[in-house]
Amino acid sequence: MRDLKALWHDRRGGVATMGAAGAALACLLAAIVIDGGSIALATRHAQTAADLAALAAARDLPRAQQAAKATAAENGGSDLRVVTTTGTYVPNAAVAPAQRFTTGEADDNAARVTVTIPARVWFAGWVMGKDRVEVTRTGTAAVRASEPLATLSIGSRLASLNGGVANQVLSGLTGSEVSLSLLDYRALADVKVDLLGFTDALATHAGVTVGDYDTLLDQEVDAGDALRILETVSEGADSGLNRLARAADGQTFRVGQLIGAEAGAEQGLRGGLDVGVSALDLANAMIELSGGDRQVKLDLGARAGLADLDVWLAIGERPNRSPWMAVAKNGEPVIRTAQARLYVEARTAQSLAGLAQVKVPLLVELASSEARLNRIDCEGSRAVQVGVRPGVARARIGSTNVAALNDFKAAPVVQPASLVNVANLVTVKGSADVEAADQGFKPVNFSESHIAGQTPQTVKSTGFTSGAVSSLLGRLSLDVKVIGLGLGLGNLTQSLNALLAPLGPVLDGVVNGVLDTLGLSFGEADVTVHGATCPADGGAAYLVG
């Protein structure tokens, strides 16, 4: 008994005992990891074989079992079991995914394949008495009848983009400083982004099943996060996108405002989004959408012939929540540009007849331009016809309330401009109005080369032949008064016209430079067809839930 008590209280050899127990536990954990890894690898092989076999079976429904078995053997080995069931798949979002596939219907359009393969285990076999366990996975694929689809967008003026103006506009939209060089913008414009890869990455970030476009288009996403995702799928544009992302953090937009689909065309979105788009186009669209209704004050510096130049920009939402880009099979959705108002106050560097400098206030209003798909021609070479209507564009010389510019529900009140005022002894007031408007949609044809090169086409409104401001100055109506009397001074009028005439192209450059950043133009609409798909014989097979 004394010996037993001594052994119980003996603490020698404790480390060795714990070491032996730890080694045994480590061996057990290693066994679990090795066998678990083997089972996980077999599971992945089984799922891949099931998915590929389901696609093969859906493409050849009369011989579904044979097609599935051959494909599964090619991708999962010969030591497997394949069970194939044909049925009908209905892509109804209101039905649980597991219940969308049914059997016993008259016209089968889908196949479900179950693949069982053995997974080798080394250590668990000591317990189970066998060195293999079976892993089973299922894949389902459906055939969707292919329809002609076209992907189109509206608005792009990147060829004439001004880096300094773009920085100020984007800074105003994001509420943070944006400082990119013109080379940065050019680099972004030159990078083509796979829109399908971008939307799939966006879905993963939002926790949405890849391919579930109904859910994805309804998601609200952070513009900064979306720009970082754009950076990950772009090559050569990381620096510019990263800086834009930091500026846009905290602003959100709905994915459906960026990409729209015609009712019923959601099933073809995957094919319609398999196109390349400019990284800068996509980034600008996301920033504009997330910026909401904003009014931006721009300091563009003095230009030739000007002593001072102040610019206010107000941007409204696209009407009816219109998307920037659409995948369409008929005429919906109509895509639209944003509404915009641009108010400019310019002061001449030279004085009029030695009296005073001339102040020229002008207001430019742009309603939304519109575009819709007319038809897709799949006979021979692809061709697409788009109906385009430039929005009503109006430019006026006159004064308005800057604070009310972003109230797009009310028309701005414009008063005749006080161009010159010398102590109320000599006053010169002026006004001018020019409008560009078309009532109907103009058909614009895109050939195979237009589509392949994503070449934008421009539709112009009638109403003026030169730049908006130059047209205004050519129509300027003056009211010259001296000491309150309606005494017109012809030489003063002539001097004023001579002073203002060369400023028309300068101010046109200011107006166009700001609008170009937003993909807008006075009385014009730019439309691009990014891609068009034509029906394939028998339709295409897609993996479904």
Between [X] and [Y] (side chain of the first, backbone of the second, donor and acceptor by atom type, cut-off under 3.5 Å), is there such a pair?
{"X": "Asp281", "Y": "Ala189", "answer": "no"}
{"X": "Ser171", "Y": "Val178", "answer": "yes"}
{"X": "Thr204", "Y": "Asp200", "answer": "yes"}
{"X": "Gln65", "Y": "Val82", "answer": "yes"}
{"X": "Asp516", "Y": "Ser521", "answer": "no"}
{"X": "Ser369", "Y": "Gly391", "answer": "yes"}

[atom1] of [X] to [atom2] of [Y]: how many Å apart, nearest 0.5 Å?
{"X": "Ile376", "Y": "Phe446", "atom1": "CD1", "atom2": "CZ", "value": "12.5 Å"}
{"X": "Phe198", "Y": "Ile229", "atom1": "CZ", "atom2": "CD1", "value": "6.5 Å"}
{"X": "Thr337", "Y": "Glu524", "atom1": "OG1", "atom2": "CD", "value": "12.0 Å"}
{"X": "Leu173", "Y": "Ser290", "atom1": "CG", "atom2": "OG", "value": "8.0 Å"}
{"X": "Glu177", "Y": "Arg243", "atom1": "CD", "atom2": "CZ", "value": "11.0 Å"}
{"X": "Gln339", "Y": "Leu520", "atom1": "CD", "atom2": "CG", "value": "11.0 Å"}

Q.
Run the ring pair (Phe, Tyr, Trp, His ring centres under 6.0 Å) test against Phe441 and tell me which residues pass, sequence neighbours left out.
A.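 For Phe441, no residue satisfies ring pair (Phe, Tyr, Trp, His ring centres under 6.0 Å) once neighbours in sequence are set aside.
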**Q.** Heavy atoms of other groups near Gln66 CD, more than 12 under 6.0 Å
**A.**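 Enclosed: over 12 neighbouring heavy atoms sit under 6.0 Å from CD of Gln66.
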Any donor-acceptor pair under 3.5 Å linking the side-chain atoms of [Y] with those of [X]?
{"X": "Arg112", "Y": "Thr85", "result": "no"}
{"X": "Asn167", "Y": "Tyr185", "result": "yes"}
{"X": "Ser449", "Y": "Ser447", "result": "yes"}

Using the side chain to side chain contact (heavy atoms under 4.5 Å, CB included) criterion, which residues pair with [X]? Sequence neighbours excluded.
{"X": "Pro412", "answer": "Arg341, Leu363, Glu365, Arg396, Thr400"}
{"X": "His530", "answer": "Thr151, Ser153, Val275, Val277, Met325, Gln454, Thr528"}
{"X": "Asp218", "answer": "Arg254"}

Q: Output, in order, the C-alpha distance, side-chain angles, deciding distance and verdict of salt bridge (Lys or Arg N to Asp or Glu O under 4.0 Å) for Arg137 and Asp51.
A: CA-CA 9 Å; Arg137 283 295 180 268; Asp51 288 342; over 6 Å; no
Heavy-atom closest contact ([X] atom, [Y] atom, distance):
{"X": "Ala42", "Y": "Ala119", "result": "CB-CB, 3.5 Å"}
{"X": "Gly139", "Y": "Ala54", "result": "O-CB, 3.4 Å"}
{"X": "Asp108", "Y": "Leu61", "result": "O-CD1, 3.4 Å"}
{"X": "Pro323", "Y": "Gly256", "result": "CB-O, 3.7 Å"}
{"X": "Glu220", "Y": "Thr252", "result": "OE2-OG1, 3.3 Å"}
{"X": "Asp79", "Y": "Pro118", "result": "O-CD, 2.9 Å"}

Q | Test: Arg228 and Asp249 ion pair at under 4.0 Å | A |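 Looking at Arg228 and Asp249, the cut-off is met.
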Q. Do any pairs count as a salt bridge (charged side-chain N to carboxylate O under 4.0 Å, His left out) and have a residue in residues 372-384, sequence neighbours left out, and if so which ones?
A.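 Sorted result for residues 372-384: Arg382-Glu448.
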With heavy-atom distances below 4.5 Å as the criterion, would you say the side chains of [X] and [Y] are in contact?
{"X": "Phe101", "Y": "Thr88", "result": "no"}
{"X": "Thr138", "Y": "Val113", "result": "no"}
{"X": "Asn374", "Y": "Val384", "result": "no"}
{"X": "Val115", "Y": "Thr136", "result": "no"}
{"X": "Trp312", "Y": "Leu342", "result": "no"}
{"X": "Thr43", "Y": "His45", "result": "no"}
{"X": "Met286", "Y": "Leu230", "result": "yes"}
{"X": "Leu188", "Y": "Leu244", "result": "yes"}

**Q.** Worked check of salt bridge (Lys or Arg N to Asp or Glu O under 4.0 Å) between Lys460 and Asp526
**A.** CA-CA 9 Å; Lys460 298 183 179 182; Asp526 297 313; over 6 Å; no
Q.
If you apply the rule side-chain contact (heavy atoms from CB on, under 4.5 Å), what do you find for Asp225 with His205, and how did you get there?
A. CA-CA 9 Å; Asp225 291 341; His205 172 78; 3.5 Å; yes
Q: Evaluate the side-chain contact (heavy atoms from CB on, under 4.5 Å) criterion for residues Leu152 and Val386: first the C-alpha distance (whole Å), next the side-chain angles of each, then the deciding distance (0.1 Å), finally the verdict.
A: CA-CA 9 Å; Leu152 56 151; Val386 178; 4.0 Å; yes
Q: Start with the C-alpha gap between Asp194 and Val233, add the side-chain angles, then the distance that decides, and say whether side-chain contact (heavy atoms from CB on, under 4.5 Å) holds.
A: CA-CA 8 Å; Asp194 176 23; Val233 298; over 6 Å; no
Indicate every side-chain donor-acceptor pair of residues 67-76 with a distance under 3.5 Å to a residue at least two apart or in another chain.
unit_1	atom_1	unit_2	atom_2	d
Thr71	OG1	Ala67	O	2.9
Asn75	ND2	Thr71	O	2.8

Q: Show the numbers, then the answer: is there a side-chain contact (heavy atoms from CB on, under 4.5 Å) between Val221 and Phe253?
A: CA-CA 6 Å; Val221 297; Phe253 66 93; 3.5 Å; yes
